[in-house]
A.B. asks: 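One structure is given below, represented as structure tokens, and several questions about it will come after.
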Number of protein chains: 2
Amino acid sequence: MSTARYEQVKEHVLRRIASGALRVSDRVPSENELVSKLKVSRMTANRALRELAEEGYLVRVAGVGTFVAERRVHAHPLEVHNIADEVRARGHEYSCKVLKLAEIEADETIAARFGLAVGARLFQSLLLHYESSTPLQLEDRYVNALLVPGYLKVDFTRQTPHEYLMHQAPLHRAEHTVQAIVPDARIAKLLKLGPSEASLLVRRRTWSNDKLATIADLYYPGSRYELSGTFKP
Amino acid sequence: MSTARYEQVKEHVLRRIASGALRVSDRVPSENELVSKLKVSRMTANRALRELAEEGYLVRVAGVGTFVAERRVHAHPLEVHNIADEVRARGHEYSCKVLKLAEIEADETIAARFGLAVGARLFQSLLLHYESSTPLQLEDRYVNALLVPGYLKVDFTRQTPHEYLMHQAPLHRAEHTVQAIVPDARIAKLLKLGPSEASLLVRRRTWSNDKLATIADLYYPGSRYELSGTFKP
DNA sequence: AAGTGGTCTAGACCACGAA
DNA sequence: TCGTGGTCTAGACCACTTG
């Protein structure tokens with residue numbers, strides 16, 4: 001089984017952009033040119049260019065041509081970022097306090113979210129991430145002990161879970177939900193929230209090799225954090 | 001100019017889901033069945049079903065069939081969707097109440113967000129979108145009167161702003177921020193929120209032809225709405 | 001064996017924009 | 001007028017699942 005032809009065409013165009021052969025606003029080979037150069041049918045060339053345009057890499061104008069799109073300005077808010085990099089990119093000091101780091105057995109709730117049996121071995125970490133001495137994110141994370149056996153030995157004041165996990169179990173898929181909640185007293189205290197301040201809760205599940213590697217509940221102070229992003233159709 | 005055939009097929013399937021004729025996990029007509037019933041080619045049926053699957057409405061399994069997807073999670077937070085389609089795809093009834101629809105002059109705040117002069121002509125709509133008689137989204141929208149002159153004449157109980165604007169000023173770029181807030185009393189009442197319930201605020205700015213066409217503040221009940229997204233590296 | 005989705009082709013017609 | 005993207009068709013081959 002080989003890759004689909006339209007995927008090969010997509011990769012061909014992306015490589016030409018990556019190599020610098022095609023730059024922003026350059027004209028990309030037309031469908032007919034791809035037909036003769038790459039020996040594919042026009043429907044195949046069309047699907048390749050259409051999907052690249054949907055994904056934001058190209059801009060197509062009927063009657064004119066296809067062009068390399070401008071680079072997407074901002075990162076997608078639901079991409080998996082390293083919070084330490086984010087903070088430092090804003091020119092602030094990053095630090096982290098480890099509130100909990102332990103092996104646990106999955107109770108019913110966690111087992112259901114993980115799709116594992118009750119009593120399965122898990123590691124849990126509860127970390128508070130600071131931006132220049134202000135709490136920015138409370139991270140409550142559960143990790144599949146079988147996939148990431150060394151998790152308990154990590155010094156999370158020196159290395160974020162993101163950095164460690166990217167090495168141990170590179171993610172293949174991530175799923176997020178975003179909710180607004182009024183946090184309970186414990187969370188409000190940790191995040192130094194005012195009495196009637198909301199919190200943004202991002203629940204993330206991350207898969208590695210089709211196995212659920214980690215679940216993270218990320219709490220942000222509603223007043224001090226915004227997810228943002230740009231979308232091009 | 002008529003709508004593309006594959007779009008008609010997509011709408012046909014979405015309508016059958018909306019009407020309840022197709023429920024979650026039901027089998028959707030196969031490509032070959034659509035070919036004979038709707039008199040389209042298989043490539044056209046394929047594109048329709050493939051795109052609906054990409055958009056999360058359907059799940060396809062090679063060798064087995066196409067099925068209505070579970071939709072407990074909601075739209076991708078940073079894509080611009082039609083809320084009526086979303087609600088109907090979940091098999092619920094969509095309705096909309098128009099709370100305000102008027103021409104206004106930009107005050108300082110709005111003028112700054114729009115990048116226009118104070119006193120510029122704008123249209124404002126305040127709409128409450130319902131999912132089966134439960135408020136799902138409060139939409140406070142400002143529209144550039146020069147770009148969309150007919151906005152005040154639209155019957156938003158029959159057509160969402162999304163549907164109308166996609167025709168009048170197709171979006172080229174959208175920018176979002178997502179926040180958690182504790183809403184004021186007016187918003188809480190409209191969304192039928194409990195006393196200590198948070199709200200998700202999505203602020204969206206949409207450009208058409210490099211001109212800022214519309215600004216929308218979208219309020220969701222924190223307890224009844226989740227934004228979700230899947231990320232593949 | 002029959003049906004499904006996944007893909008690919010060669011050819012076609014259209015509206016549009018540029019020369 | 002010519003090239004472009006946008007769409008559509010009829011038919012084909014494949015791998016896979018299910019009865």
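Reminder, nothing fancy here: chain letters follow the sequence lines and each chain counts from 1.
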A.B. asks: Are the aromatic ring centres of B/Y151 and B/Y142 under 6.0 angstrom apart?
C.D. replies: no
A.B. asks: Return the residues of residues 59-66 of chain B meeting this criterion: a heavy atom under 4.0 Å from some atom of DNA chain C. Order them by number, or give none.
C.D. replies: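 Residues of residues 59-66 of chain B under 4.0 Å from DNA chain C: B/R60, B/V61, B/A62, B/G63, B/V64, B/G65, B/T66.
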A.B. asks: Just by modelled atom types, is the A/V28 backbone N or O under 3.5 Å from a matching donor or acceptor in the A/T66 side chain?
C.D. replies: no
A.B. asks: Any donor-acceptor pair under 3.5 Å between the side chain of B/R47 and the base of D/dG6?
C.D. replies: no
A.B. asks: Just the rounded figure in Å: distance from P of D/dT17 to CZ of B/F67.
C.D. replies: 13 Å
A.B. asks: I need the CD-P distance between B/E51 and D/dG6, as an integer number of Å.
C.D. replies: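 The distance from CD of B/E51 to P of D/dG6 comes to 12 Å, rounded to the nearest Å.
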A.B. asks: Does A/R27 put a side-chain nitrogen or oxygen below 4.0 Å from OP1 or OP2 of D/dT4?
C.D. replies: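 Yes, because at least one side-chain N or O of A/R27 sits under 4.0 Å from OP1 or OP2 of D/dT4.
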A.B. asks: To the nearest 0.5 Å, how far apart are CG in B/L52 and CG in B/L14?
C.D. replies: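 Output value for this atom pair is 5.0 Å.
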A.B. asks: Looking only at the side chains, is there a donor atom on one of A/Q159 and A/Y164 sitting less than 3.5 Å from an acceptor on the other?
C.D. replies: no
A.B. asks: Look at the side-chain N and O atoms of B/S41 and state whether any lies under 4.0 Å from the OP1 or OP2 oxygen of D/dG11.
C.D. replies: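 For D/dG11, neither OP1 nor OP2 has a side-chain N or O of B/S41 closer than 4.0 Å.
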A.B. asks: For A/K10 and C/dT7, what is the distance between atoms NZ and P respectively, to the nearest whole Å?
C.D. replies: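 For the pair A/K10 NZ and C/dT7 P, the rounded distance is 10 Å.
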A.B. asks: Between D/dG5, D/dT7, C/dG6, which nucleotide has the shortest distance from any of its atoms to the side chain of B/E31?
C.D. replies: C/dG6
A.B. asks: Which pairs with one or both residues in residues 106-136 of chain B pass ring-ring contact (aromatic ring centres under 6.0 Å, His included), sequence neighbours excluded?
C.D. replies: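 Sorted result for residues 106-136 of chain B: B/Y94-B/H129.
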A.B. asks: Should A/T44 be listed as having a side-chain N or O under 4.0 Å from OP1 or OP2 of C/dT7?
C.D. replies: no
A.B. asks: Without decimals, in angstroms, what is the distance between B/L34 CG and C/dG3 P?
C.D. replies: 16 Å
A.B. asks: Quick one: is B/S30 getting a side-chain N or O under 4.0 Å of the C/dT4 phosphate, OP1 or OP2?
C.D. replies: yes
A.B. asks: Please report the distance, rounded to the nearest Å, between CZ in B/R42 and P in D/dT9.
C.D. replies: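 About 14 Å, once rounded to whole Å.
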A.B. asks: Judged by each residue's nearest nucleotide on DNA chain C, which is more toward the 5′ side, A/M43 or B/E33?
C.D. replies: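 The 5'-side residue here is B/E33.
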A.B. asks: Within 45° of the axis and under 6.0 Å from the centre of the six-membered ring of A/Y6, does NZ or CZ of A/R47 qualify?
C.D. replies: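 Output yes; distance and angle both within limits.
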A.B. asks: Just the rounded figure in Å: distance from C1' of C/dG5 to OH of A/Y6.
C.D. replies: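 In whole Å, C/dG5 C1' lies 12 Å from A/Y6 OH.
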A.B. asks: Between OG1 of A/T3 and NZ of A/K10, what distance do you get to the nearest 0.5 Å?
C.D. replies: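 Here the rounded value is 12.0 Å.
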A.B. asks: Nearest-Å distance, CG (B/N46) to C1' (D/dA10)?
C.D. replies: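 That distance rounds to 14 Å.
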A.B. asks: Could you check how far NZ of B/K39 sits from P of D/dT9, rounded to whole Å?
C.D. replies: 12 Å
A.B. asks: If the cut-off is 4.0 Å, is A/N32 near the phosphate of D/dT4, judged by side-chain N/O to OP1 or OP2?
C.D. replies: yes
